[in-house]
Q: 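One structure, as structure tokens, below. Some questions next.
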There are 2 protein chains.
Amino acid sequence: MNRITIKDIAKLLDVNPSTVSRALKDHPDIGEATKKKIQQIARELVYRPNYQAIRFRQNKSGLIGLIIPEMGMFFFPSIIQAIEEITKKNGYHLIILQSNESLVKEKENALICKNFGLDGLLVCLSKETTAIPHFADMLQSKIPIVFFDKVLQSKELSTVVINDYNASFTAINHLARKGYKNISGVFESKNLEITQSRKKGFLDGLKKHQLTYREDFCFHVNTLAEAKTQFANLLNQKELPDAVFAMTDNALAGIIQAIYEKGIAIPDDLAVICISNGNLPYYLNPPITHIRHSGYMVGKTAVELLFDLMNDKITVTKRQLELETFLVELDSC
Amino acid sequence: MNRITIKDIAKLLDVNPSTVSRALKDHPDIGEATKKKIQQIARELVYRPNYQAIRFRQNKSGLIGLIIPEMGMFFFPSIIQAIEEITKKNGYHLIILQSNESLVKEKENALICKNFGLDGLLVCLSKETTAIPHFADMLQSKIPIVFFDKVLQSKELSTVVINDYNASFTAINHLARKGYKNISGVFESKNLEITQSRKKGFLDGLKKHQLTYREDFCFHVNTLAEAKTQFANLLNQKELPDAVFAMTDNALAGIIQAIYEKGIAIPDDLAVICISNGNLPYYLNPPITHIRHSGYMVGKTAVELLFDLMNDKITVTKRQLELETFLVELDSC
DNA sequence: GCAATCTCCGCAATCGTTTGCGCAAACGAT
DNA sequence: ATCGTTTGCGCAAACGATTGCGGAGATTGC
């Protein structure tokens, strides 16, 4: 009646279930004749293994967890694209858990992952996260975890990030060489490591070209809307910057709205550059010169590291990987 | 050493595992005293049930499958946002499978879902899909499936779509009332139902206002890049449209690039309107007037229908739901 | 005081598959 | 012919939790 099992086949052929099990996986202990017979009848009856049972027996879920702060438009879709492809290629599947940039939800998600019996975990921390006791026991157990993008830097963790410092340094370098002198910077939340690295690159870029750091031209924002209102405020001041650096697509989207509303011309009145991992810079008018880092590559690198850890837990130790970025010169500078 | 089990607790308290099992779920057959004792020690030892075993025993995976053509930037992120929230609220989790707009991969994914023992399935068909024999046996079994967005219309299926006809009709209506007369239409692949519905609304909109259908102004595209090149071609003709309707964000992104490159002014030289479920219209310069339909609502509606089907398989029959859209008037007309 | 009922818990099977071990028959070598 | 090895397969336990059934002891009813 229902789905047919190994036992059914065993009864039908009057052999032991263990023989069927072994025959179906081509175990050398089983004679060719019986093997053929079993495999044939399995095909005829469209035997489909109960993976639920197998996973239980093997104590493997076949599932990779992915904890992300929030889906958004730019970054995670491409990351997920990569991760899904590769997990599937390795016979695993992906469970996505969003924490909505909330530490509380991130903890809930960590708990879910522990209970669910996932075989591996990829984590991008929320904005609120400054320590990770909620991952402590998983880190001690044999379940590998790879942190990516928003991470806590530590030799004790496996991490994949981009070289944030170089990215913003390159951006400022580009602006400076084009002759811009009064550069505004729009950054995300202060406590994020990527914010700190990108700001450091920003500052060192200014320093290299002996440009002054205009603190009144720089600010930190948490949301797209904040970026817009804050930059709109800046544009209402008497003294204006001649260029602006946006730390993320998100920040870019905010300041662009402010610029459009004010009717300011890019790049004639104001040059714009940003760090991006999406398509937004291409869609804008004019297309925005930016430092590109590919979400796809981050996802790919992270999940491949994860599988390395999962497949060979001895030789592969914790690793901290850093991906490089590159300048895409379009029309906004 | 390892994770502690019901058996461990049973041995420790010298009771039967079944008693522990019942005590932990507050079964009335167990006396208050033993219940307390068991629950306490379970807490102390941080007993965490092996969900793998439970799922196997109950023959439930606790997993919802989501098959989508491709992640993209606009639509699916918001859909996933909604679906993930609601599945989690119901104690389920989400597995995402991408078919990359390929029928072959869609079939693979369908197979994976069958094998994995999912409890429910949400499907957005690929562009290539014109029939769904690969879902036939799942539809006959007790696993509920809800199709959304790209569906095959049928009384035999549960579907969630937007009212595509009304959406494009409203768009053309808007253009016509603004006085535009030569309207270009950029559509996605011909064989999609949503293309047909949206084109029908487009044509009926023209008819209602006695505008002629300029076949030379209209075309079908499969990708963003195609939209760009084709529309760029159109812009090189002698006779130009005074307005263009883009069927999707994707089509919009393509034609916008062509427009920017050609240096055409919106809306003075050319009005633009589209149907959108993302943020792109807001990011462009000027912001694009569009017919909005919310991916979030589609996702929410689909997954809620799915849970209705899962929870009460008798009274809830197949349903075909249609969500309405609305005009968002910005600056491109 | 005896039967009927209730309370509380144990027994054992079960879900589908895997796997270590053992054993008979077949085979090979001397 | 004898011993040792290989071949081919069955036996049964195991994974962790659940559940129908049954039964001992306590309680109630008359």
Side-chain angles (χ1 to χ4, degrees), chain A residues 1-42 45-63 91 114-119 141-142, chain B residues 1-42 45-63 91 114-119 141-142:
Chain A
M1 190 83 294
N2 265 327
R3 190 193 254 226
I4 102 152
T5 72
I6 278 193
K7 289 182 185 175
D8 297 333
I9 300 183
K11 252 175 225 158
L12 233 77
L13 292 178
D14 203 33
V15 295
N16 194 278
S18 59
T19 306
V20 178
S21 172
R22 285 191 255 253
L24 289 178
K25 46 177 52 174
D26 231 17
H27 194 286
D29 266 13
I30 307 300
E32 278 308 316
T34 29
K35 226 183 244 181
K36 290 276 173 235
K37 222 171 18 181
I38 291 174
Q39 287 171 354
Q40 157 131 24
I41 202 151
L45 300 182
V46 200
Y47 166 72
R48 285 186 297 118
N50 183 332
Y51 286 98
Q52 199 99 329
I54 295 176
R55 291 192 295 262
F56 165 57
R57 176 68 221 264
Q58 317 277 42
N59 203 19
K60 291 215 171 181
S61 63
L63 296 172
K114 268 195 296 190
N115 286 338
F116 216 86
L118 301 180
D119 298 337
S141 74
K142 278 141 282 167
Chain B
M1 187 86 290
N2 265 326
R3 188 193 256 226
I4 101 152
T5 72
I6 277 194
K7 289 181 184 174
D8 298 332
I9 300 182
K11 249 175 227 156
L12 234 77
L13 291 178
D14 202 32
V15 294
N16 195 277
S18 61
T19 306
V20 177
S21 172
R22 284 190 256 253
L24 289 176
K25 47 177 51 176
D26 231 18
H27 194 285
D29 266 13
I30 308 299
E32 278 308 317
T34 28
K35 224 184 250 181
K36 291 275 173 236
K37 223 170 17 179
I38 291 174
Q39 287 170 356
Q40 158 130 22
I41 202 151
L45 301 182
V46 199
Y47 166 72
R48 285 186 296 118
N50 183 330
Y51 286 98
Q52 199 100 327
I54 294 176
R55 292 192 294 261
F56 165 56
R57 177 69 221 262
Q58 319 278 38
N59 203 19
K60 290 214 170 181
S61 63
L63 295 172
K114 267 196 298 192
N115 287 338
F116 216 86
L118 300 180
D119 298 337
S141 73
K142 278 142 281 166

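In this text the structure is predicted, and so the values were computed from the model without any measurement. Here is the naming used below: chain letters follow the sequence lines, and residue numbers restart at 1 for every chain.
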Q: For B:Gln58 and B:Arg55, what are the C-alpha separation, side-chain angles and deciding distance, and is it a side chain to side chain donor-acceptor pair (under 3.5 Å)?
A: CA-CA 5 Å; B:Gln58 319 278 38; B:Arg55 292 192 294 261; over 6 Å; no
Q: Please state how far atom CD1 in B:Ile30 lies from atom C1' in C:dC11, giving the value in whole angstrom units.
A: 13 Å
Q: Measure from CZ on A:Arg55 to P on D:dA14 and round the result to the nearest Å.
A: 24 Å
Q: Which atom pair, heavy atoms only, marks the closest approach of A:Thr34 to A:Ile30?
A: OG1-CG2, 3.6 Å
Q: Taking all non-hydrogen atoms of both residues into account, name the closest pair between B:Lys60 and B:Asp119 and its distance.
A: CA-OD1, 3.7 Å
Q: Taking C-beta and beyond as the side chain, do B:Asn50 and B:Ile54 meet within less than 4.5 Å on heavy atoms?
A: no
Q: Could you tell me the separation between the CD atom of B:Gln40 and the CG atom of B:Leu45, rounded to the nearest 0.5 Å?
A: 10.0 Å
Q: In whole angstroms, how far is the C1' atom of D:dT18 from the CD1 atom of B:Ile9?
A: 15 Å
Q: NZ of B:Lys35 to CG of B:Asp29: how many Å apart, nearest 0.5 Å?
A: 9.0 Å
Q: Compute the bend angle of the helix from C:dG1-D:dC30 to C:dT30-D:dA1 from the end axes (five pairs per end), rounded to 10°.
A: 40°
Q: Looking for any heavy atom pair under 4.0 Å, which part of the strands does A:Val15 touch: base, sugar-phosphate only, or nothing?
A: sugar-phosphate
Q: Going by atom type alone, with no hydrogens or angles, which donor-acceptor pairs under 3.5 Å involve a side-chain atom of residues 13-25 of chain A and a protein atom two or more places apart or on another chain?
A:
from	atom 1	to	atom 2	distance (Å)
A:Asn16	OD1	A:Ser18	N	2.9
A:Asn16	OD1	A:Ser18	OG	2.8

Q: Can B:Arg3 be said to sit on top of B:Tyr47's aromatic six-ring, NZ or CZ under 6.0 Å from centre and within 45° of the ring axis?
A: no
Q: Rounded off to whole Å, could you give me the CD-to-P distance for the A:Gln52 and D:dG16 pair?
A: 16 Å
Q: To the nearest Å, how far apart are B:Phe56 CZ and D:dT18 C1'?
A: 12 Å
Q: How many whole angstroms separate atom NZ of B:Lys11 from atom P of C:dG10?
A: 15 Å
Q: Which pairs, protein N/O on one side and nucleotides 17-25 of chain C N/O on the other, fall under 3.5 Å?
A:
from	atom 1	to	atom 2	distance (Å)
C:dT17	OP1	A:Tyr47	OH	2.5
C:dT17	OP1	A:Asn50	N	3.1
C:dT17	OP2	A:Ile6	N	2.6
C:dT18	OP1	A:Lys25	NZ	3.3
C:dT18	OP2	A:Ser21	OG	2.8
C:dT18	O4'	A:Arg57	NH1	3.3
C:dT18	N1	A:Arg57	NH1	3.2
C:dT18	O2	A:Arg57	NH1	2.1
C:dG20	O6	A:Arg22	NH2	2.7

Q: Please confirm whether A:Arg57 makes a cation-pi placement over B:Phe56, using NZ or CZ under 6.0 Å from the six-membered ring centre and within 45° of the ring normal.
A: no
Q: What is the separation between atom CG on B:Leu13 and atom C1' on C:dC9, rounded to the nearest whole Å?
A: 14 Å
